[in-house]
Amino acid sequence: MGKMKQKLAIFLSGGGSNARAICRYFQSHERIEVALLASNSVNSGVKTISAEFGIPYLIFTKDEFYNSDHVVNTLAEHQVNVVVLAGFLWLIPGNLLKQYPEKIINIHPALLPKYGGKGMHGSHVHHAVFENKDKVSGVTIHLCNEKYDEGKILFQQTVELNEGDQPETIAKKVLHLEHEYYPKVIEQFLTEKK
Ligand code: GAR
């Protein structure tokens, strides 16, 4: 048992730049590996990243996700012990929360509790930060529960915004932080638990 690696599944809905950063970080890690990529969308980065790193992937429908145990069963088959959400936009159903209590990690591209909740994702967040003329934004990494963006916060990092920063510039600054910190925070989280 001592030599068993901890196994991550990464869930993504979009391009998957965070998923890629995490796969790269754990590529030849001693204790942690990415065992499965999972997505609700064939148009996401899931297939490309799977091919690039030689990691299996699962694509599932809304019906499978909310009305069956297909996803939790597949995670169990791959002996996944931690679920990492990287730009995954669907609310996590009860069966998945139950199988992974305190073991589902999410990243949010703002300083929660600001700019969280349903519909607040990706560019919507950065537009809202821009409209409010905020002087800082940042990244939040937190545990998942049955509500959007309300689980226990594990980590936050701020970034300064300049007056001329457009939503796209804000997005770029925050994404840079995400890639830098998400893999390390996952590693830290898994190290503390074991
Ligand atoms: C990231 O900025 C992530 O924080 C955000 O979606 C983007 C995905 O980018 N997630 C949310 O907004 C969740 N509410 P990626 O596909 O390139 O990793």
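The model shown is predicted, which means the values in this text are computed figures rather than measured ones. Hydrogens, waters and symmetry mates are skipped; everything else that's a heavy atom, side chains included, is used. For ligands, and for the atoms within them, numbers begin at 1 and follow the listed sequence.
- Residue pairs meeting the ring pair (Phe, Tyr, Trp, His ring centres under 6.0 Å) criterion with at least one member in residues 124-146, sequence neighbours excluded: His121-His124.
- In terms of the side-chain hydrogen bond (donor to acceptor under 3.5 Å, both in side chains) criterion, residue partners of His179 (sequence neighbours excluded) are, by chain and number, Ser17.
- For Asp134, the salt bridge (Lys or Arg N to Asp or Glu O under 4.0 Å) partners at least two apart in sequence or on another chain are Lys114.
- For the pair Phe53 and Arg24, the minimum side-chain heavy-atom distance is below 4.5 Å.
- Below 30°, between 30° and 60°, or above 60°: for Phe88 and Phe11 the angle between ring planes is above 60°, a perpendicular geometry.
- The shortest side-chain heavy-atom distance between Phe65 and His70 does not fall under the 4.5 Å cut-off.
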Write 'none' if nothing qualifies; otherwise put on separate lines each N/O atom of ligand 1 with a protein N/O atom under 3.5 Å away and their distance to 0.1 Å.
from, atom 1, to, atom 2, distance (Å)
ligand 1, 2 (O), Glu178, OE1, 3.3
ligand 1, 2 (O), Glu178, OE2, 2.8
ligand 1, 4 (O), Glu178, OE1, 2.7
ligand 1, 4 (O), Glu178, OE2, 3.3
ligand 1, 12 (O), Gly122, N, 2.9
ligand 1, 14 (N), His108, ND1, 3.4
ligand 1, 16 (O), Gly16, N, 2.7
ligand 1, 17 (O), Ser17, N, 2.9
ligand 1, 17 (O), Ser17, OG, 2.5
ligand 1, 18 (O), Ser17, N, 3.4
ligand 1, 18 (O), Asn18, N, 2.9
ligand 1, 18 (O), Asn18, ND2, 3.0

